[in-house]
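See below for the structure under consideration.
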Amino acid sequence: MADIGFIGLGIMGGPMCRNLLKAGHNVVVYNRSSAPVDRMVELGAARGASSRDVAERSNIVFTMMPDGPEVEEVIIGALGVLEGARPRSTVVDMSSVNPLVSQKIGASCAAKNVRFLDAPVSGGEPKAVDGTLAIMVGGEEPVFLEVEPVLQVMGSTVTLTGPVGAGNFAKLANQIIVACNIAAMGEAFVLATRAGLDPNVVLNAIKGGLAGSTVLNAKTPMVISRNFKPGFRIRLHQKDLRNALLAAETMKVSLPLTSAIQQILIALMNQGKGDLDHSAIGTFIEEMANTQITQTVDRIASPISSGGH
């Protein structure tokens, strides 16, 4: 069992940390707000006073933060991980950030004789809870092989994708595909609903064909039932696409579909929907068509029930 530090106990980090505790690891935790720390302490974790304190007491430190600036703060900032990290210890950042940030942090860690992996995840809160996340890792293979058994506690698929930064490039590719799938799902089911079809019937008809996907199976029922409780928030997906576009710009790569969906996400945030699940991308298409995706069959060309325009 490893001596593990875990920093960032939010909607993803909390259940990931719980799985480490269930597996019997010794875990010391820190979070900017105290309530998540209190919950982990009740489950057997030790309380850390700061990111530096967590690092001083750990061989492996995991961080799970909203974006690059927060990752930099907790790892290379004042009272950060690198102020307390043991020589040859390992820092694993599981946040979804700009790959260039991962490379910057990796260089800072190397200067302090600390190993670093970027290891963002996909699967949202449900897969964080049941420990079946897809984990995309960037870093040196020997370091990866040492940490892999611990990562397997949190994910069912753990893949070394290349050097530091490669994990987040793979995650950005994942997020582009997910966003495009949700937007396409919204268009398809608005069309089907406007034509008078029951979207549940359409889903059952197409999910076994080429259009079938994990995104389709997970997100379409949420839209039909109007359940936008966040498994992955719109504002976080917008952040991921922003990072993808920033990285693409530095490499002179055109991402026209990503750019278009980024505009949809920004519009949804301006409507106050930033904390809804990203399945609510479909509501943008609904409003454009003045048609709400519902399971009622007899509704040809019927309008959105509340405030469509």
Side-chain angles (χ1 to χ4, degrees), residues 1-2 4-29 31 35-45 60-66 92-96 117-137 144 147-161 167-168 170-175 177-179 181-182 185 203 207-208 212-237 240 275-281:
M1 296 296 103
I4 291 171
F6 207 106
I7 302 168
L9 302 171
I11 192 169
M12 297 291 289
M16 292 162 68
C17 183
R18 282 195 294 272
N19 286 329
L20 292 173
L21 289 166
K22 288 178 185 177
H25 292 290
N26 301 314
V27 185
V28 56
V29 297
N31 194 74
V37 175
D38 295 339
R39 290 193 289 270
M40 291 303 140
V41 170
E42 290 174 0
L43 295 174
I60 305 171
V61 178
F62 292 98
T63 56
M64 188 62 166
M65 308 302 295
V92 183
D93 178 41
M94 306 192 76
S95 318
S96 296
L117 300 173
D118 65 304
V121 305
S122 178
E125 183 182 14
K127 291 185 176 293
V129 170
D130 62 22
T132 59
L133 291 165
I135 304 177
M136 296 147 271
V137 188
F144 167 75
V147 178
E148 185 180 17
V150 182
L151 292 172
Q152 288 172 339
V153 172
M154 298 178 281
S156 57
T157 304
V158 182
T159 306
L160 180 64
T161 60
N168 268 298
K171 175 61 185 289
L172 294 181
N174 178 89
Q175 294 302 81
I177 292 171
V178 171
N181 268 267
I182 296 174
M185 176 269 291
L203 174 61
K207 67 182 182 182
S213 68
T214 300
V215 171
L216 185 76
N217 293 340
K219 299 304 177 179
T220 309
M222 295 181 69
V223 177
I224 295 171
S225 65
R226 318 313 292 173
N227 170 24
F228 300 115
K229 178 182 177 183
F232 189 73
R233 300 177 194 272
I234 281 175
R235 60 179 174 82
L236 294 178
H237 210 145
D240 286 343
D275 284 322
L276 298 184
D277 185 79
H278 56 172
S279 58
I281 291 172

ring-ring contact (aromatic ring centres under 6.0 Å, His included) against Phe232, all qualifying residues, sequence neighbours excluded: His237, His278
What I'd like to find out is whether the side chain of Lys207 reaches to under 4.5 Å of the side chain of Thr220, using heavy atoms alone. no
Can you give the donor-acceptor pairs under 3.5 Å from side chains of residues 121-137 to other protein atoms, not counting sequence neighbours?
| unit_1 | atom_1 | unit_2 | atom_2 | d |
| --- | --- | --- | --- | --- |
| Ser122 | OG | Asn174 | ND2 | 3.1 |
| Asp130 | OD1 | Thr132 | N | 3.2 |
| Asp130 | OD1 | Thr132 | OG1 | 2.4 |

Of the non-hydrogen atoms in Asp118 and Asn168, which two are nearest, and what is the gap between them? OD2-N, 2.9 Å
Taking all atoms of both residues into account, what is the closest heavy-atom pair of Met40 and Cys17, and its distance? SD-SG, 3.9 Å
Closest heavy-atom contact between Leu216 and Pro221? O-CD, 3.8 Å
If we ignore hydrogens and angles and just use 3.5 Å, is the side chain of Asn31 paired with the main-chain N or O of Pro36 as donor and acceptor? no
Taking only residues two or more places apart in sequence, or in another chain, which ones meet Arg226 in a salt bridge (Lys or Arg N to Asp or Glu O under 4.0 Å)? Glu286
Rounding to 0.5 Å, atoms CG (Asp93) and OG1 (Thr63) come to a distance of 3.5 Å
Over all atoms of both residues, closest heavy-atom pair of Phe62 and Ile4: CD1-CG2, 3.6 Å
Find the distance between CG (Leu21) and CG (Asn26) and round it off to the nearest 0.5 Å. 9.0 Å
Would you say Phe228 and Ile234 make side-chain contact, with heavy atoms under 4.5 Å? no
Please name the residue in the list Met65, Met12, Lys171, Met154 that meets the side-chain contact (heavy atoms from CB on, under 4.5 Å) test with Met94. Met154
Taking side-chain contact (heavy atoms from CB on, under 4.5 Å) as the test, write out the residues that go with Ile177, two or more places apart. Asn181
How many angstroms lie between atom CD1 of Ile224 and atom OG of Ser279, to the nearest 0.5 angstrom? 11.0 Å
If you take all heavy atoms of Leu172 and Asp240, which pair is closest and at what distance? CD2-O, 3.4 Å
What residues, two or more places apart in sequence or in another chain, satisfy salt bridge (Lys or Arg N to Asp or Glu O under 4.0 Å) together with Asp277? Lys219
Could I get the full list of side-chain contact (heavy atoms from CB on, under 4.5 Å) partners for Arg233, not counting sequence neighbours? Ile11, Pro230, Arg235, Leu236, Asp275
Distance-minimising heavy-atom pair for Pro120 and Ser96: CB-OG, 4.0 Å
